[in-house]
Amino acid sequence: MARPATVPPTAGLPLRLADLRPWGDADLAGRLAQWLGLPHQVQLECSGTSALMVALRTLKTLAPGRSEVVAPAYTCPLVALAVAQCGLRLRLCDLRADALDMDPQALRALCSERTLAVLPTHLCGRVADVAMAMDRAHAVGAYVVEDAAQALGAKFGPQPNDRPAGTLGDIGFYSLAVGKGLTTFEGGVLTARDAAVREALRATSAATVRPSPWWELRRSVELAGYAALYRPAGLHLAYGAPLQQSLARHDWVEAAGDDFDDFIPQHPLGRWRRRVGCRALERLAAFQQQAAGQAQRRSAQLAAIPGLEVVADAAPRARGTWPVILLRLPRSAARDALLRAHWGDGSGLSLPFVHVLTDYGRYDHVLDAARHDPVEQARDWAGRLLAISNSPWLDDGRFAGLLQILEQSALATS
Ligand SMILES: *Cc1c(COP(=O)(O)O)cnc(C)c1O
């Protein structure tokens with residue numbers, strides 16, 4: 001029997017061979033600023049994590065004496081590694097019960113004169129309530145760094161008065177990593193509302209980020225390989241086969257790609273990869289519009305299944321992006337059973353992150369005080385979330401199969 005083609009876990013914008021031409025516009029910072037509708041430049045870094053490190057080091061110079069960074073307890077482990085690399089202490093904020101976002105009361109309890117920054121996070125493209133985080137942070141003199149790693153293209157507010165997610169906080173960053181939408185294999189983008197903060201971000205980058213021909217060569221080869229393999233046939237080699245190996249070992253942390261190393265490379269984003277990004281960016285808006293339409297249709301079908309909740313934006317009147325459709329199941333046992341049966345079989349199921357940061361074990365050395373922060377609600381989310389790929393390659397036929405699987409699971413557990 002033919003193996004079903006591998007579906008990527010998220011709706012990444014596929015590259016075309018023509019994107020790889022080594023000439024043309026390399027002003028990705030200018031193009032992105034234009035794309036976002038910003039009146040000023042954005043700043044490019046080699047990854048979202050590196051962008052976050054530049055942001056945190058900058059804020060340390062602006063507010064010396066402050067040492068704590070507050071992030072949601074359920075987020076990318078790279079955030080914890082970045083905070084530790086900057087010599088800062090992470091504090092973990094529990095989540096709301098009714099939305100995938102920091103709990104306002106828990107956030108107030110964590111904010112103090114020690115707080116340097118609060119990181120509202122648009123997980124999986126679902127827009128967080130940044131205004132609430134600004135309120136809590138500014139009340140104690142702290143900054144807001146908006147983690148829009150997974151939300152380039154998401155919007156606050158209705159048209160035509162909408163604003164891009166990532167630009168409401170004092171500083172915001174996006175990731176151009178594989179799987180997050182637009183990609184240069186790895187890449188990061190920094191924005192700031194205030195001109196003086198933008199100047200300070202540039203100064204930090206100039207002082208701390210050094211060119212690395214080795215890392216740039218490595219990322220360029222990886223980007224070319226990605227462009228070659230990011231198609232239904234190639235993905236088995238690049239993603240499907242390693243995933244099946246991780247799952248055969250019951251290693252969900254590796255399967256979800258949550259197994260990060262401590263070392264975070266920092267170097268500029270090279271010219272060729274910026275050119276590739278410029279060309280792909282021209283297709284991003286249309287691609288995201290199509291993905292949003294698909295997500296809307298499929299969300300309605302999913303929401304009709306008893307017990308299934310399609311996770312919505314936490315911020316009122318927001319329009320998030322749709323790399324995946326996120327579901328919250330009634331019980332974690334049912335969620336785990338679905339993953340054991342169908343993760344890696346081409347149904348398009350995966351996990352955003354496996355655990356709250358304190359439950360991995362492998363990140364304990366960077367958690368410090370955060371290990372004692374209450375995270376019960378976030379842990380409940382972590383146990384019940386399920387992501388469905390919103391890639392166009394998960395076609396209607398396969399999605400119908402997935403609906404059947406989910407309906408059977410709902411019947412079995414009701
Ligand atoms: C991926 C991610 C990051 C880090 O971005 P990279 O570009 O992979 O370094 C930070 N925060 C969140 C929420 C992410 O998903």
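Ligands are counted one by one from 1 in listed order, and the atoms in each one are counted from 1 as well. The figures that follow rest on heavy atoms only: side chains count, while hydrogens, waters and symmetry mates do not.
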Out of Thr115, Asp373, Asp368, which residue meets the side chain to side chain donor-acceptor pair (under 3.5 Å) rule with Arg91? Asp373

For Val79, the ligand 1 atoms with a heavy-atom partner under 4.0 Å come out as 10 (C), 11 (N)

When you measure from the side chain of Arg283 to the backbone N and O of Pro14, does any donor-acceptor pair fall under 3.5 Å? yes

Quick one: which ligand 1 atoms are inside 4.0 Å of a heavy atom on Gly187? 7 (O)

At less than 4.0 angstrom from any non-hydrogen atom of Leu78, what atoms of ligand 1 do you find? 4 (C), 8 (O), 9 (O)

Which atoms from ligand 1 have a heavy atom of Thr121 less than 4.0 Å away? 13 (C)

Just need the protein heavy atom nearest to atom 1 (C) of ligand 1, so name the residue and atom and give the distance. Lys180 NZ, 1.3 Å

Give the atom numbers and elements of ligand 1 that come within less than 4.0 Å of a heavy atom of Ala149. 2 (C), 3 (C), 10 (C), 11 (N), 12 (C), 14 (C)

Under 4.0 Å from one or more heavy atoms of Ala177, ligand 1 contributes atoms 7 (O), 8 (O)

In terms of relative ring orientation, are Tyr360 and Tyr363 parallel, tilted or perpendicular, with 30° and 60° separating the classes? perpendicular

Any N/O of Gln150 closer than 3.5 Å to an N/O of ligand 1? yes

Would you mind checking which non-hydrogen protein atom is closest to atom 13 (C) of ligand 1, with the distance to 0.1 Å? Asp147 OD2, 3.3 Å

For the pair Trp215 and His267, name the ring-plane relationship: parallel under 30°, tilted 30 to 60°, perpendicular over 60°. parallel

Scan Leu107, Leu119, Leu116 and name whichever one has a side-chain contact (heavy atoms from CB on, under 4.5 Å) with Val70. Leu107

Which of these passes side-chain contact (heavy atoms from CB on, under 4.5 Å) with Leu95: Asp103, Asp101, Leu100? Leu100

Any side-chain donor paired with an acceptor under 3.5 Å for Glu186 and Ser47? no

Can you tell which of Cys46, Ser47, Gly48 gets a heavy atom nearest to atom 5 (O) of ligand 1? Gly48

Where on Thr49 is there a heavy atom closer than 4.0 Å to ligand 1, on the side chain, on the backbone, on both, or on neither? both

For residues 127-149, which residue pairs qualify under salt bridge (Lys or Arg N to Asp or Glu O under 4.0 Å), counting only residues two or more places apart or in two chains? none

